[in-house]
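To start, the structure under review is shown below, and the notes come after it.
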Amino acid sequence: MRIPFRALFAAGAFACLAPNVARSQTDTALKLSTTVPLAASEFKAGVADWENFSFESANSHFQAASKSDPNLGLSRTIYAFIGGSITGELTQAQALAEADRGVADAASHGTTNELLLATAYREALRGGSQAAAALFRAASLLMPRDRIIALNGIPNATGASGIPMLRDFIAKNPDYAPSYNTLAYALWGQGDQAGAEQAAKRQAELNANAPNPHDTYAEILQWNGKFPEAIAEYRLASTTAPKFPEAYAGLAEVEALQGHYDQARAYLNQAMANAWTPGQKLNYMRQIAGTYALQGNAPDAYAKQLEAVAAEAKAQQNQRASAIATAQSAAIYATAGNVSAAHQAIGAAKAVNADVPWQVNFYAAMSHGLLKHWTPANQELAALKAKQAGDEAVSDDMVAAVDAFLATQQGRPADALKMLATADTTNFLVMSRMAEAHAALGHTAEAARWNKKITSNYQLNLGDFTAVNSRRRARGTK
């Protein structure tokens, strides 16, 4: 799957779903309080797709369940969580409003177990990871027969400390496919690439009739550099119901990694044609722009695609995405030395909304730096750091990277390396800035080592422009 399964935040499928009017808490598996058969049926269909990690399809069912029975608060809260945290079909404000109503409905009309789970999802949506984790663990104790809830009760299941407990769970539930998805990404995160591949393969064997297990297996194969095998699994995912446009995005990644940019864009057009939501379509449009960024020799097409992204975002009333895409185009113009166009793009990006996204300041600082306009570059950097101090969403690594970039460009590469010392050195942009600073210092071998770490890593996300551009720089494409 394109979104790695996190044990805490992907909780949601339940083993026992028979409607239950009585509010008894003696059951060890979740039973729904709804007396509306259609609501129960839609909820169960959502659960099936959720366990298969077909998030968009799952959410269409959870939404339908909520419409069939407006008092089924748990369904409404899960819909809000998926829409706000995974699929992007709801804004944060919309998702929180839905989640609040869902919790209130669960309190008034649902069982204690429904209320517990609804509250857990709302906390996860809010970003309260510790509170959500505690609530999910409590739910796993109250409903031990629900394997997905029990799986989500494992602390830090995708981290080193959680892997032994995860393996113990699998030993007791060897036929439960979702646990192998968790294990695959957990093992990959710990550097066990072979183990990750084996776990992903086992999930696909156990659940061959769903698209995401094939997509997960394909993704791990891709990351391991096994492109032909990855393509075969991505194709299986793309032809298995329900529709799974992310499989086309995976095919695009593999083709782009091999320099087949036209084919990558063709696959992304297929992804757009199969998109579940306008937001998903916008994401694929961004990825098409990413193919031009990686290609590196089509700046006009790259800028035109970003203009299309900004226009589509505006049509979707997504001012933030529109502003960011416009700011990104400034860096293209700055690279080409087109001062007027770069300044115009920065101004247009800031004019979209009074609440300027921090990414706009990032790209503005980069653009001014490329033009060697140090005063406005430093002003944008200062604005970015001010936002960093008051907003956890601002990436510390991105701030360190632009700070280091400006230092290197101004002849202070040794200072740049100090700035990057506390950053995440697995981040593509950080690695790229490390390579640049070492090259400026004449450390040719060390610069080459950092660039090789980028080019030999096949975890490509075409929508992550800083990573895509880092890959292009690392391979030496001008």
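Here, residue 1 is the first one in the sequence, and each next residue gets the next number. These numbers come from the heavy atoms of this one structure, side chains and all, not from hydrogens, waters or symmetry mates.
- Side-chain contact check for S432 versus I454: some heavy-atom pair is nearer than 4.5 Å.
- Counting heavy atoms from C-beta outward, L417 and L441 have side chains that approach closer than 4.5 Å.
- The salt bridge (charged side-chain N to carboxylate O under 4.0 Å, His left out) search around D262 returns R265, not counting sequence neighbours.
- The existence of a salt bridge linking K385 and D396 is excluded, since no basic side-chain nitrogen approaches an acidic carboxylate oxygen closer than 4.0 Å.
- Few gaps surround CD on Q316; more than 12 heavy atoms of other groups in view lie less than 6.0 Å from it.
- Take E446 and apply the salt bridge (charged side-chain N to carboxylate O under 4.0 Å, His left out) test, not counting sequence neighbours, and it matches R449.
- Under the 4.0 Å criterion applied to side-chain N and carboxylate O atoms, E307 and K304 are not assigned as salt-bridge partners.
- For A313 against S322, the heavy-atom pair with the smallest separation is CB-N, 3.5 Å.
- Put simply, the side chain of F405 reaches to within 4.5 Å of the side chain of L370, judged on heavy atoms.
- Not counting sequence neighbours, E255 has no partner by the salt bridge (charged side-chain N to carboxylate O under 4.0 Å, His left out) test.
- Inter-residue side-chain proximity for R286 and F465 is flagged as met; some heavy-atom pair is nearer than 4.5 Å.
- Results of the side-chain contact (heavy atoms from CB on, under 4.5 Å) test with L166 over L183, L187, N156 single out L183 as the only residue that passes.
- The heavy-atom pair separating L294 from A256 by the smallest distance is CD2-O, 3.8 Å.
- Looking at every heavy atom in both residues, V360 comes nearest to A349 through CG1-CB, 4.0 Å.
- The closest side-chain heavy-atom distance from E246 to Y284 is below 4.5 Å.
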Take E219 and Y185 through the test side-chain hydrogen bond (donor to acceptor under 3.5 Å, both in side chains) and record every step on the way to the result.
CA-CA 10 Å; E219 187 168 53; Y185 289 106; 2.5 Å; yes
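- Electrostatic pairing of E436 and R473 counts as a salt bridge here, judged by a charged N lying under 4.0 Å from a carboxylate O.
- With hydrogens and angles ignored, the 3.5 Å screen pairs a side-chain donor or acceptor of Q305 with a backbone N or O of M285.
- Judged by distance alone, the side chain of D215 and the main-chain N or O of P211 form no donor-acceptor pair under 3.5 Å.
- Ring geometry for Y121 against F136 counts as perpendicular: the plane angle is over 60°, on a 0 to 90° scale with 30° as the lower cut.
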Please walk me through it: do Q222 and Y458 pass side-chain hydrogen bond (donor to acceptor under 3.5 Å, both in side chains)?
CA-CA 7 Å; Q222 172 191 322; Y458 301 123; over 6 Å; no
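- Considering only heavy atoms from C-beta on, I170 stays 4.5 Å or farther from R167 through its side chain.
- The aromatic rings of W223 and W188 lie tilted to each other, with the angle between the two planes from 30° to 60°.
- Scanning all heavy atoms of the two residues, the minimum distance from K453 to T425 falls at NZ-O, 4.3 Å.
- Ring-plane geometry between W50 and F62 is classed as perpendicular, the angle between the planes exceeding 60 degrees on a 0 to 90 degree scale with a lower cut at 30.
- Using a 4.5 Å cut-off on side-chain heavy atoms (C-beta onward), L460 and V468 make contact.
- In terms of modelled atom types and a separation under 3.5 Å, the side chain of D49 and the main chain of S54 share no donor-acceptor contact.
- For Q203 (side chain) and A199 (main-chain N/O), no donor-acceptor pair under 3.5 Å exists by modelled atom type.
- Around the NZ atom of K387, the shell of radius 6.0 Å holds more than 12 heavy atoms that belong to other residues, nucleotides or ligands.
- A 4.5 Å side-chain heavy-atom check between Q359 and R320 finds at least one atom pair inside the cut-off.
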Report the C-alpha distance between K418 and D403 in whole Å, list the side-chain angles of each, state the deciding distance to 0.1 Å, and finish with yes or no for salt bridge (Lys or Arg N to Asp or Glu O under 4.0 Å).
CA-CA 11 Å; K418 293 177 183 177; D403 205 353; over 6 Å; no
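- No hydrogens or angles considered: nothing links the side chains of N338 and S340 as a donor-acceptor pair under 3.5 Å.
- Using a cutoff of 4.0 Å between basic side-chain nitrogens and carboxylate oxygens, R122 and E98 are not scored as salt-bridged.
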Under the ring pair (Phe, Tyr, Trp, His ring centres under 6.0 Å) rule, what do Y248 and Y234 come out as? Steps first, then yes or no, please.
CA-CA 7 Å; Y248 293 110; Y234 278 134; over 10 Å; no
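- The closest side-chain donor-acceptor pair between N297 and Q295 falls under 3.5 angstrom.
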